[in-house]
Amino acid sequence: MRSVTYSMSVSLDGYIVGPDGGIDWTAPDENVFRYWIDEIREVGVHLMGRRLYETMLYWETADQDPSLDDSKLEWAALWKPLPKVVFSTTLSAVQGHARLASGGLAEEIERLRAEPGEGDIAIGGAVLAAEAAALDLIDEYRAMVYPVLVGGGIPYFPRHERRVDLQFVETRTFGSGVVYLRHRVAR
């Protein structure tokens, strides 16, 4: 069965977006960016909310930017054809290889798990991930922890009173001080 993974950049104090809405502190160095490229190769479909979808729209046409280096062109070549499912109550249309979700999150994940296909079902965005976590649908948490305290904003982990036991899978430390943590939900 396909795993559901939640993978995002996060500040040391637990936020994916700072209090001012900024994510400038998540700009990856070349080694971290290469790791993101390797991770996206394992994804078969990406589920996201409206805000992340709108942020990632840049990559739908990024390959036309002559100033991009080889690694960013490689990311764009992997991201653009990747199937994406967008959960939004305000969007009426999406672009590229994206489609608007037709049902709820649990139904969408159940359908995707039942379909033949390879690669993880990735979830991006804290609001959508919080819903998936509350429904016990996340199989792995993958955090790219940046050495910065942003003091507030949108938290990586949902704030609720449910305990989730995790099993350690992997860690990696980058020269920039970023630490990758990967844990599987103990079932």
At their closest point, which heavy atom of [X] faces which heavy atom of [Y], and how far apart are they?
X: V32; Y: D29; answer: N-OD1, 2.8 Å
X: A76; Y: W59; answer: CB-CE3, 3.9 Å
X: E39; Y: S7; answer: OE2-OG, 2.5 Å
X: V148; Y: S11; answer: O-CB, 3.4 Å
X: W25; Y: G18; answer: NE1-N, 4.0 Å
X: G103; Y: E108; answer: N-OE1, 4.5 Å

Calculate, to the nearest 0.5 Å, the distance between atoms [atom1] and [atom2] belonging to [X] and [Y] respectively.
X: H46; Y: M56; atom1: NE2; atom2: CE; answer: 7.0 Å
X: R41; Y: L78; atom1: CZ; atom2: CG; answer: 5.0 Å
X: N31; Y: T173; atom1: CG; atom2: OG1; answer: 12.0 Å
X: R184; Y: L166; atom1: CZ; atom2: CG; answer: 11.0 Å
X: T5; Y: I138; atom1: OG1; atom2: CD1; answer: 9.0 Å
X: Y15; Y: L149; atom1: OH; atom2: CG; answer: 10.5 Å

Self-check item: Other residues, nucleotides, ligands: >12 heavy atoms within 6.0 Å of Q64 CD
Solution: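 Yes - once you tally the heavy atoms of other residues, nucleotides and ligands closer than 6.0 Å, there are more than 12.
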Quiz item: Are more than 12 heavy atoms from other residues, nucleotides or ligands located less than 6.0 Å from atom CG of D70?
Solution: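 Result for CG/D70: open.
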[X]: side chain to side chain contact (heavy atoms under 4.5 Å, CB included) partners, not counting sequence neighbours:
X: R2; result: V45, I121
X: L135; result: A106, E131, L137
X: K80; result: E60, D63

Practice problem: Just do the side chain to side chain contact (heavy atoms under 4.5 Å, CB included) check on L181 and F168 with the steps written out, would you? | Solution: CA-CA 8 Å; L181 301 171; F168 171 77; 5.6 Å; no
Practice problem: Would you mind checking if R142 and E170 are paired as a salt bridge, meaning a charged N to carboxylate O distance below 4.0 Å? | Solution: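 No.
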Quiz item: When hydrophobic residues are tied together by side-chain contacts of less than 4.5 Å, even through go-betweens, does L52 share a cluster with L91?
Solution: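 Both belong to a single hydrophobic cluster.
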Quiz item: Linking I/L/V/M/F/W/Y whenever any side-chain heavy atoms sit under 4.5 Å apart, do V179 and W36 land together?
Solution: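 Different hydrophobic clusters.
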For [X], give me all partners under side chain to side chain donor-acceptor pair (under 3.5 Å), at least two apart in sequence or on another chain.
X: E115; answer: R111
X: R163; answer: D165
X: E30; answer: S71
X: S67; answer: D65

Quiz item: Are the side chains of L47 and I109 in touch, meaning some heavy atoms are under 4.5 Å apart?
Solution: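 Yes, at least one pair of side-chain atoms sits under 4.5 Å.
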Quiz item: Below 4.5 Å, heavy atoms only, C-beta onward: do V85 and R99 meet side chain to side chain?
Solution: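 Yes, close enough: below the 4.5 Å cut-off.
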Self-check item: Audit row: L82, K84, side chain to side chain contact (heavy atoms under 4.5 Å, CB included) steps and yes/no
Solution: CA-CA 6 Å; L82 182 67; K84 300 160 200 79; 4.2 Å; yes
Exercise. Determine, stepwise, if the pair T26 / M144 fulfils side chain to side chain contact (heavy atoms under 4.5 Å, CB included).
Key: CA-CA 9 Å; T26 66; M144 193 67 79; over 6 Å; no
Quiz item: Excluding sequence neighbours, so at least two apart, what forms salt bridge (charged side-chain N to carboxylate O under 4.0 Å, His left out) with E110?
Solution: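 Scan of E110 (salt bridge (charged side-chain N to carboxylate O under 4.0 Å, His left out), adjacent residues dropped) gives none.
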Quiz item: Among all residues two or more places apart in sequence or in another chain, which pass the salt bridge (charged side-chain N to carboxylate O under 4.0 Å, His left out) test with R51?
Solution: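 Applying salt bridge (charged side-chain N to carboxylate O under 4.0 Å, His left out) to R51 gives none.
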Check ring pair (Phe, Tyr, Trp, His ring centres under 6.0 Å) between [X] and all other residues, then give those that pass, not counting sequence neighbours.
X: Y6; result: Y156
X: Y58; result: none
X: F87; result: none

Quiz item: If only atom types and distance count, is the side chain of D13 paired as donor or acceptor with the main-chain N or O of V150 below 3.5 Å?
Solution: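 Looks like yes, one N/O pair under 3.5 Å.
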Practice problem: State whether the side chain of D139 and the backbone N or O of V4 hold a donor-acceptor pair below 3.5 Å, judged by distance alone. | Solution: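 Such a contact is found between D139 side chain and V4 backbone.
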Quiz prompt | Parallel, tilted or perpendicular, as decided by the 30° and 60° cut-offs, for the rings of F33 and W75 | solution =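 The arrangement is tilted - the two ring planes meet at 30° to 60°.
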Practice problem: Take Y146 and S176 through the side chain to side chain contact (heavy atoms under 4.5 Å, CB included) test and state the conclusion after the steps. | Solution: CA-CA 9 Å; Y146 281 73; S176 60; over 6 Å; no
